[in-house]
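Every heavy atom of this structure was used, including side-chain atoms; hydrogens, water molecules and symmetry mates were not.
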Amino acid sequence: MGNESLTITDNRTGKSYELPLKHGNIRAMDLRQIKTTEKDFGVMSYDPAFLNTAACESRITFIDGDLGILRYRGYPIEQLAAKCSYLETAYLLLYGELPDEKKLSDFTARVARHTFIHENMKKFMEGFRYDAHPMSMLVSSIAALSSFYPDAREVHNPEVRELMAIRLIAKIPTIAAYAFRHTNGLPFVYPDNELSYTANFMNMLWKMAEPKFLANPVLAHALDILFILHADHEQNCSTSTMRVVGSSQADPFLSMAAAASALSGPLHGGANEEVLRMIDEIGSIEHIPAFIESVKKGERKLMGFGHRVYKNYDPRAQVIKETADSVFAVTGRNPKVDIAREIEKIALSDEYFVKRRLYPNVDFYSGIIYEAMGFRPEMFTVLFAIPRTSGWLAHWEEQSKDADTKISRPRQVYLGSGERNVK
Ligand code: SDX
């Protein structure tokens, strides 16, 4: 097997095993041959939260956490944010290459054709209380969409898979905007397919009595950059959920409802909402040191800081920070950015955070921009879910074509009671 292998000696039996390495990793199932007796189940790896487990092979997104590198299909995120649109990026994630002009035009037209949702969905969404959390409305509405497209169950048909991906990318802004309008007691605004993807989303959010909504181009561009930055992030909690649920061959709507549910958690996509609440609680720069002390005592987490993979600055946070000024030039400066920047300055010079390699992540500055644009914190994770839709679907499609794919079903280390009888 040459040197592309590991030799493992079982000290319980003195036996040695040679495990092949592929791309520098062992196949976990090769551990199962390591037994003490023939009846022995064999060795597993115990890895709660999958800290060191590769669940799949993927060609979509590459992250180097130590160097703060993020690339979609090999393109650095900074370049995509500076030179591309969100729809170009969505195409790149789904198809593996940036589209030429014709392909982008066709893709844009296909997405535009699917922005409307069934009228009955409006009745469904009108059933929510006025104060329903927009993520609850989004998750349940994505699942409800499944009932309008029974052919989505044909997960082995590539044309059907592609059509459903286009439908979800096209309809998620419509559902998100309807949730926003509902919580504000405003009538739903139909899509205007003459507008760009992001400007149309703004139209469905903010159009009032004017005959045609005119999106501020600076804000539309800033939102497009934010969408690019949030589009994918390899095997994060919600994308892994999309893959796990999709592995049972559930349809993409129901798989994505599960993914969006995972995203809603405050440790994941819900962090941007928690960052704003944290900054509101701190209230002023003077109160930052006391808050940092409470974090260091383990009483709180510094929301928007830290990351499972990035042990360096999250490259997305840097771009978002730079985008903030262009937004504030239109909306007026959000004074909370001064508190955020002071938190960052203090934290990055404090041993607690330095030792644990805790840096601002994608969620630390995004909410401050969203609030300046007019969104309340409970909408922030919805704004994360819109672009992450293309990432979730790119991974779902990649899994659908992967010969290694089987239904996900982890094992466990059982430490419970042995057999006992009911008296
Ligand atoms: C996203 O996976 C992705 O790619 C996610 C994402 C994406 O694009 O999909 O990037 C989006 O979810 C970004 C993360 C958003 N979440 C937050 O901002 C919430 C706050 N951050 C933490 O909860 C935490 O940093 C996590 C959840 C993000 C990562 O947690 P890990 O990898 O499990 O790290 P850990 O909990 O083992 O922390 C290691 C140490 C611990 O201290 P000790 O026990 O060693 O003393 O660092 C501490 C933690 O207590 N720590 C923090 C902290 N994050 C970690 N201490 C204070 N504040 C924090 N934010």
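Nearest heavy-atom pair, A317 versus Y365, reported as atom, atom and distance to 0.1 Å: O-CD1, 4.4 Å. Here the closest non-hydrogen pair linking L98 and C84 is CD2-SG, 4.1 Å. A176 and I386 get closest at one heavy-atom pair: CB-CD1, 3.7 Å. Of all non-hydrogen atoms in V382 and E378, the two that sit nearest each other are CG2-O, 4.4 Å. When every heavy atom of S141 is checked against every heavy atom of M121, the shortest pair comes out as O-CE, 3.4 Å. Residue P315 comes nearest to I69 through the heavy atom pair CG-C, 4.4 Å, listed as atom of the first residue, atom of the second, then distance.
Not a single donor-acceptor pair under 3.5 Å links the side chain of T174 to the backbone N or O of F116. Looking at R73, its side chain never comes within 3.5 Å of a backbone N or O of E97 through a donor-acceptor pair. The main-chain N or O of F180 is found under 3.5 Å from a side-chain atom of N184 such that the two form a donor-acceptor pair. Between the H395 side chain and the T239 main chain, no donor and acceptor come within less than 3.5 Å of each other. The backbone N or O of G68 sits nowhere less than 3.5 Å from a side-chain atom of D64 that would complete a donor-acceptor pair. Judged by distance alone, with hydrogens and angles left aside, the side-chain atoms of N361 form no donor-acceptor pair with the main-chain N or O of D314 at under 3.5 Å. In terms of modelled atom types and a separation under 3.5 Å, the side chain of D402 and the main chain of D404 share a donor-acceptor contact. Checking side-chain atoms of S261 against main-chain N and O of A257 turns up a donor-acceptor pair under 3.5 Å. Distance alone, capped at 3.5 Å, is enough to place a donor-acceptor pair between the D224 side chain and the Y86 backbone. In this structure a side-chain-to-backbone donor-acceptor pair under 3.5 Å is missing from S146 to I142.
Between H182 and F188, the ring-plane angle classifies as tilted under the 30° and 60° cut-offs. Below 30°, between 30° and 60°, or above 60°: for F128 and F124 the angle between ring planes is above 60°, a perpendicular geometry.
Within the 4.5 Å cutoff, the side chain of S85 has no heavy atoms near those of the H221 side chain. Looking at I292 and Y352, their side chains never come closer than 4.5 Å, going by heavy atoms from C-beta outward. Between L223 and M202, the closest side-chain pair of non-hydrogen atoms falls below 4.5 Å.
Cation-pi contact between R356 and F353: absent, since separation from the ring centre below 6.0 Å together with deviation from the ring axis within 45° is not met. Cation-pi geometry between R32 and F41 is met: the NZ or CZ atom falls under 6.0 Å from the ring centre, inside 45° of the normal.
Of the inter-residue distances, the one linking I279 atom CD1 with M303 atom CE reads 11.5 Å to the nearest 0.5 angstrom. Interatomic distance, CG of D131 versus NE2 of H133, reported as 11.0 Å (0.5 Å rounding).
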- Can you list the steps and then say if E342 with I282 is a side chain to side chain contact (heavy atoms under 4.5 Å, CB included)? CA-CA 12 Å; E342 186 64 16; I282 292 171; over 6 Å; no

- Message: Test salt bridge (Lys or Arg N to Asp or Glu O under 4.0 Å) on K102 and D106; report intermediate values, then the result.
- Response: CA-CA 6 Å; K102 167 89 173 60; D106 292 348; 2.5 Å; yes

- Query: Can you check side chain to side chain contact (heavy atoms under 4.5 Å, CB included) on K103 and D100, steps first, answer last?
  - Reply: CA-CA 5 Å; K103 285 180 179 152; D100 60 26; 3.3 Å; yes

- Task: Applying salt bridge (Lys or Arg N to Asp or Glu O under 4.0 Å), run through E194 and K212 and close with a yes or a no.
- Result: CA-CA 10 Å; E194 290 175 355; K212 180 101 175 164; 2.5 Å; yes

- Task: Apply the test ring pair (Phe, Tyr, Trp, His ring centres under 6.0 Å) to residues H307 and F364: give CA-CA distance (whole Å), side-chain angles for both, the deciding distance (0.1 Å), then the verdict.
- Result: CA-CA 11 Å; H307 199 279; F364 189 60; over 10 Å; no

- Taking it one step at a time, do Y359 and F305 satisfy ring pair (Phe, Tyr, Trp, His ring centres under 6.0 Å)? CA-CA 5 Å; Y359 292 86; F305 259 67; 8.0 Å; no

- Task: In sequence, state the C-alpha distance, the side-chain angles, and the governing distance for E234 and S58, and then conclude on side-chain hydrogen bond (donor to acceptor under 3.5 Å, both in side chains).
- Result: CA-CA 8 Å; E234 53 128 290; S58 181; over 6 Å; no

- May I have the step-by-step check of side chain to side chain contact (heavy atoms under 4.5 Å, CB included) for V295 and F291, ending in yes or no? CA-CA 6 Å; V295 170; F291 186 85; 3.6 Å; yes

- Stepwise, does the side chain to side chain contact (heavy atoms under 4.5 Å, CB included) test hold for I172 with M256? CA-CA 11 Å; I172 193 77; M256 197 169 110; 3.7 Å; yes

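Other residues, nucleotides and ligands contribute more than 12 heavy atoms inside 6.0 Å of the NZ atom of K122. Residue-environment remark: CZ (R113) stays at or below the threshold of 12 foreign heavy atoms within 6.0 Å.
With respect to E397 and K401, a salt bridge is recorded, a charged nitrogen being found less than 4.0 Å from a carboxylate O. A salt bridge is absent between K296 and E351: the closest approach of a Lys/Arg side-chain nitrogen to an acidic carboxylate oxygen does not fall below 4.0 angstrom.
Of the candidates K171, M164, R153, M164 is the only one forming a side-chain contact (heavy atoms from CB on, under 4.5 Å) with F253.
For Y149 and H118, the gap between ring centers reaches or exceeds 6.0 Å. For W206 and F201, the ring centers are positioned 6.0 Å apart or more.
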